[in-house]
**Q** 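This is the structure, below, for whatever I ask next.
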Amino acid sequence: MSVYRAPMKEITFILDNLIDYPSHCEMPGFEDASSEMVEAILPEAAKFFEEIVAPTNWPANTQPAYLQDERVITSPALDGVYQQMVEAGWCSISGAQQYGGAGFPNVVDLVVQEMLQSANLGFSLLPMLTRGVIHALSLYGSDQQKDSYLPNLISGVWSGTMNLTEPQAGSDLSAVKTKAVPSGDHYLVSGQKIYITWGDHEQAENVIHLVLARLPDAPQGNQGISLFLVPKYLINADGSLGARNDVKAVGVEHKLGIHSSPTCTMAFGDNGGAVGYLVGPLNQGLKCMFSMMNNARLAVGHQGVSVSERAYQQALAYSSERVQGKVQGIEGRAPIIHHPDVKRMLMQMSALTEGGRAMSFYTIAAEDRSLHHSDPEVQVQNAQLVEIMTPLVKGWCTEASMEVTSLGVQVHGGMGFVEETGAAQHMRDARILPIYEGTNGIQALDFIGRKCLRDGGEGVKTLITVMQETLSIVTARQTDELVFLANSLENAISQCQDALDYVLATPEQASTVAYNFMMLFGNSLSYWLLARLAIAAQDKIDQGSDDNFYWCKISSAKFFASQILVRNGAYTAAITDASIITGEQIDKQLVQPGA
Ligand SMILES: Cc1cc2nc3c(=O)[nH]c(=O)nc-3n(C[C@H](O)[C@H](O)[C@H](O)COP(=O)(O)OP(=O)(O)OC[C@H]3O[C@@H](n4cnc5c(N)ncnc54)[C@H](O)[C@@H]3O)c2cc1C
């Protein structure tokens with residue numbers, strides 16, 4: 001099985017040059033998160049995830065979770081690992097200090113999350129869902145709920161889940177049927193939820209479910225949905241664990257990937273009703289849940305980056321060892337890494353991964369500024385930026401992860417298709433990413449509809465303007481090595497502008513062109529950020545550095561420009577020629593008579 005090494009140099013370069021971490025940590029609230037502190041803790045994190053968590057990836061994949069006597073049994077490979085992670089404080093790094101967290105910026109937490117996700121994607125979902133619950137409770141919970149639940153959720157002693165989906169309510173949550181009936185100071189919740197990630201397990205002492213449900217007299221549709229907190233074990237007045245609540249897992253799915261994560265069917269209220277507490281205003285549950293989902297969507301986007309990184313590391317190692325064929329200049333049979341087509345695949349894997357990582361870190365840094373910047377106006381601008389970027393990070397990075405992990409299999413040849421190298425596991429694990437937390441089809445509609453058309457394209461124009469600012473910088477420099485940046489960035493900007501003009505002029509086409517529109521912007525923004533990193537690398541070279549790492553940054557951007565950004569032409573053409581999809585003939589071809 002492949003080893004995993006945290007890409008610390010790459011991440012540090014992003015923190016220094018894209019985020020400007022020394023300034024970032026000067027924002028109010030980050031007093032204890034200085035650059036020196038971060039430099040001290042990240043190598044410790046790398047050691048933990050490389051040595052303790054990464055080796056669990058394969059055995060946990062081969063021993064999926066199962067249900068036994070109403071208990072969810074997770075892989076023995078994970079036993080004790082979660083507890084070590086909690087004790088080391090890796091779950092609570094960005095948690096509010098008021099509730100026992102370390103209070104680090106989200107960008108630092110993202111570094112830790114990437115290591116965890118690369119080390120074991122299915123396992124990483126356990127703290128990820130908990131963070132979503134923390135986020136929702138921090139925004140909408142009462143003071144008493146925050147005091148009772150946040151300390152143990154932030155430390156990781158308790159975990160959290162998100163219960164939206166029901167058999168008839170997937171992408172369309174307006175069909176949620178789970179009921180909540182008022183009963184004294186609480187509600188009695190009953191109904192069935194499906195596909196609930198880490199819905200039940202014994203890694204944490206308690207599981208705190210956030211559940212979407214309706215009151216009996218609630219309006220139909222989205223307006224009548226409220227959010228409830230339903231603990232697995234009720235909490236006594238002194239904070240200790242009390243009686244078992246009326247909620248349990250009644251099934252654990254058999255699935256394509258992420259086998260270490262139990263995906264549960266949850267039954268609420270089979271014995272009279274699970275005790276639940278309202279979170280946020282009545283009938284505003286979807287709004288509250290979306291605050292949690294937006295957070296989770298960014299996390300899922302980065303899962304795409306992380307699984308891509310792991311697949312790339314594995315493919316790179318394999319291609320240096322596997323010997324096949326001859327290559328001019330190499331004596332005897334050559335390691336396959338010397339074949340141009342294998343180089344193409346490896347570079348494609350690394351360029352897509354680096355582009356996604358840059359976009360994800362850029363967005364999370366904006367999230368930090370939206371919460372901590374001293375200027376309220378800057379906070380608002382950054383909150384808007386996060387809104388626009390969220391579907392791109394989720395959609396583009398996870399689409400890229402399917403390509404990267406599939407290339408990882410291809411680099412291995414037949415050894416990729418059989419299970420024993422683990423390359424296939426990365427591909428199977430990545431396949432969920434475009435599906436959950438809102439399918440990528442829904443992300444595309446969100447980007448084009450809510451994030452673009454709703455404000456007449458103003459927010460998206462801001463993104464185009466910031467790309468133009470980089471173009472001015474690079475055009476002014478015209479260093480030999482960076483000349484390519486100017487041309488390709490200029491092209492990408494005009495393609496984005498053309499697509500935006502087209503969509504604004506033909507809003508009735510929006511849902512038809514949404515996917516290609518999302519991919520065009522994801523591609524262009526990833527490239528723009530890689531270009532910024534290439535400029536920073538050139539600066540280091542100009543200052544006299546001969547570190548090959550900086551040349552690698554420039555060649556990644558060049559490779560992206562020449563081999564990936566060129567897809568923009570196809571996205572743009574597909575957008576302006578999309579009427580074929582809405583034509584009558586396609587309906588005749590696809591839709592059965594009477595359907
Ligand atoms: C492993 C796993 C873990 C999960 N974890 C959780 C969890 O923890 N909590 C939870 O609540 N849920 C969870 N889910 C559920 C997940 O979020 C849903 O599967 C997802 O939202 C899609 O819903 P669906 O499966 O019903 O697909 P559907 O909604 O039936 O969608 C099927 C297809 O139709 C498309 N489609 C649907 N509506 C539209 C539309 N309006 N416009 C365009 N296209 C559309 C979709 O994009 C998709 O391609 C999980 C699912 C899985 C498989």
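Throughout, residue positions are numbered sequentially from 1 according to the sequence presented. One-based numbering, in listed order, for ligands and for the atoms of each.
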**Q** Between His209 and Phe268, how do the two ring planes meet: parallel, tilted or perpendicular, split at 30° and 60°?
**A**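 It falls in the perpendicular class, over 60°.
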**Q** Looking only at protein heavy atoms, which one is nearest to atom 28 (P) of ligand 1, and how far off is it?
**A**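 Of every protein heavy atom, Ser171 OG, 3.7 Å lies nearest to atom 28 (P) of ligand 1.
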**Q** Consider every N or O of Ile258 and every N or O of ligand 1, then say whether any pair is closer than 3.5 Å.
**A**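 There is no such contact.
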**Q** Please check if a non-hydrogen protein atom sits closer than 4.0 Å to atom 33 (C) of ligand 1.
**A**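 No; the ligand atom in question lacks any protein heavy-atom contact below 4.0 Å.
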**Q** So is there a nitrogen or oxygen of Met162 less than 3.5 Å from a nitrogen or oxygen in ligand 1?
**A**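 Between Met162 and ligand 1 (N or O atoms, distance only) the closest approach is under 3.5 Å.
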**Q** Can you find an N/O atom of Lys255 closer than 3.5 Å to an N/O atom of ligand 1?
**A**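 No, since none of the N or O atoms of Lys255 sits under 3.5 Å from an N or O of ligand 1.
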**Q** Look at atom 6 (C) of ligand 1 and say whether a protein heavy atom is found at less than 4.0 angstrom from it.
**A**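 Protein heavy atom within 4.0 Å of atom 6 (C) of ligand 1: present.
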**Q** So, regarding Thr165 and ligand 1 (criterion: nitrogen or oxygen to nitrogen or oxygen, under 3.5 Å), is there a contact or not?
**A**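 It does: an N or O of Thr165 is found under 3.5 Å from an N or O of ligand 1.
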**Q** Considering only protein heavy atoms, which is closest to atom 40 (C) of ligand 1, and at what distance to one decimal place?
**A**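 Closest protein heavy atom to atom 40 (C) of ligand 1: Ile442 CD1, 3.9 Å.
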**Q** For atom 13 (C) of ligand 1, what is the closest protein heavy atom, and at what distance to 0.1 Å?
**A**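 Ranked first by proximity to atom 13 (C) of ligand 1 is Tyr195 O, 3.1 Å.
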**Q** Name the one of Lys248, Lys193, Lys232 that satisfies salt bridge (Lys or Arg N to Asp or Glu O under 4.0 Å) with Asp200?
**A**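 Only match with Asp200 under salt bridge (Lys or Arg N to Asp or Glu O under 4.0 Å): Lys232.
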**Q** Evaluate whether atom CD of Gln585 has more than 12 neighbouring non-hydrogen atoms of other residues, nucleotides or ligands under 6.0 angstrom away.
**A**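 Enclosed: over 12 neighbouring heavy atoms sit under 6.0 Å from CD of Gln585.
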**Q** Under the side chain to side chain donor-acceptor pair (under 3.5 Å) test, which residues partner Asn163, sequence neighbours left out?
**A**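 Testing Asn163 for side chain to side chain donor-acceptor pair (under 3.5 Å), a comparison that skips the adjacent residues, returns Thr161.
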**Q** Quick one: which ligand 1 atoms are inside 4.0 Å of a heavy atom on Ile435?
**A**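 Close to Ile435: 20 (C).
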**Q** Which pair of non-hydrogen atoms, one from Gln117 and one from Ser306, has the smallest distance, and what is that distance?
**A**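 Smallest interatomic distance, heavy atoms only, reads OE1-OG, 2.7 Å.
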**Q** Can you find a non-hydrogen atom of Glu437 under 4.0 Å from ligand 1?
**A**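 True for this residue.
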**Q** Considering non-hydrogen atoms of the protein only, which is the closest contact for atom 52 (C) of ligand 1, and what is the distance?
**A**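 In this structure, atom 52 (C) of ligand 1 has Ile432 CD1, 3.7 Å as its nearest protein heavy atom.
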**Q** Does atom NZ of Lys255 have more than 12 heavy-atom neighbours, drawn from other residues, nucleotides or ligands, at distances under 6.0 Å?
**A**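 Yes.
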**Q** In terms of side-chain heavy atoms, does Gln509 have a donor or acceptor partner in Ser579 at a distance below 3.5 Å?
**A**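 Ser579 and Gln509 do not have a side-chain donor-acceptor pair below 3.5 Å.
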**Q** Quick one: nearest non-hydrogen protein atom to atom 49 (O) of ligand 1, plus distance?
**A**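 Answer for atom 49 (O) of ligand 1: Thr439 CG2, 4.6 Å.
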**Q** What do you reckon, does Asp172 have a nitrogen or oxygen under 3.5 Å from a nitrogen or oxygen of ligand 1?
**A**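 Such a contact does not occur with ligand 1.
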**Q** Take atom CD of Gln410 as the centre, draw a 6.0 Å sphere, and report whether it contains more than 12 heavy atoms from other residues, nucleotides or ligands.
**A**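 No.
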**Q** Is there any N or O on Thr197 that sits under 3.5 Å from an N or O of ligand 1?
**A**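 Yes, at least one N or O pair falls under 3.5 Å.
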**Q** Does atom 38 (N) of ligand 1 have a protein non-hydrogen atom under 4.0 Å from it?
**A**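 Yes, there is a protein heavy atom closer to it than 4.0 Å.
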**Q** Would a 4.0 Å cut-off, counted as strictly less than, catch a protein heavy atom around atom 44 (N) of ligand 1?
**A**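 Protein heavy atoms within 4.0 Å of atom 44 (N) of ligand 1 - there are none.
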**Q** Does Gln223 CD have over 12 foreign heavy atoms under 6.0 Å away?
**A**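 Check fails, neighbour count at 12 or below.
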**Q** Within a reach of under 6.0 Å around CD of Gln220, are more than 12 heavy atoms found that belong to other residues, nucleotides or ligands?
**A**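 At most 12 heavy atoms, drawn from other residues, nucleotides or ligands, come within 6.0 Å of this atom.
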**Q** Tell me: protein heavy atom nearest atom 24 (P) of ligand 1, and distance?
**A**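 Protein heavy atom at minimum distance: Gly170 CA, 4.0 Å.
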**Q** Any protein heavy atom at under 4.0 Å, with atom 30 (O) of ligand 1 as the reference point?
**A**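 No, there is no protein heavy atom closer to it than 4.0 Å.
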**Q** Please state which option from Val176, Leu445, Asn440 has its nearest heavy atom closest to atom 42 (N) of ligand 1.
**A**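 Looking at heavy atoms only, the winner is Leu445.
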**Q** Where the side chain of Asp69 meets the backbone of Arg71, is there a donor-acceptor pair that is under 3.5 Å apart?
**A**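 Judged by distance alone, no pair lies under 3.5 Å.
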**Q** Under 6.0 Å from the OH atom of Tyr195, do we count more than 12 heavy atoms belonging to anything else shown?
**A**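 No, the 6.0 Å shell around OH holds no more than 12 heavy atoms from other groups.
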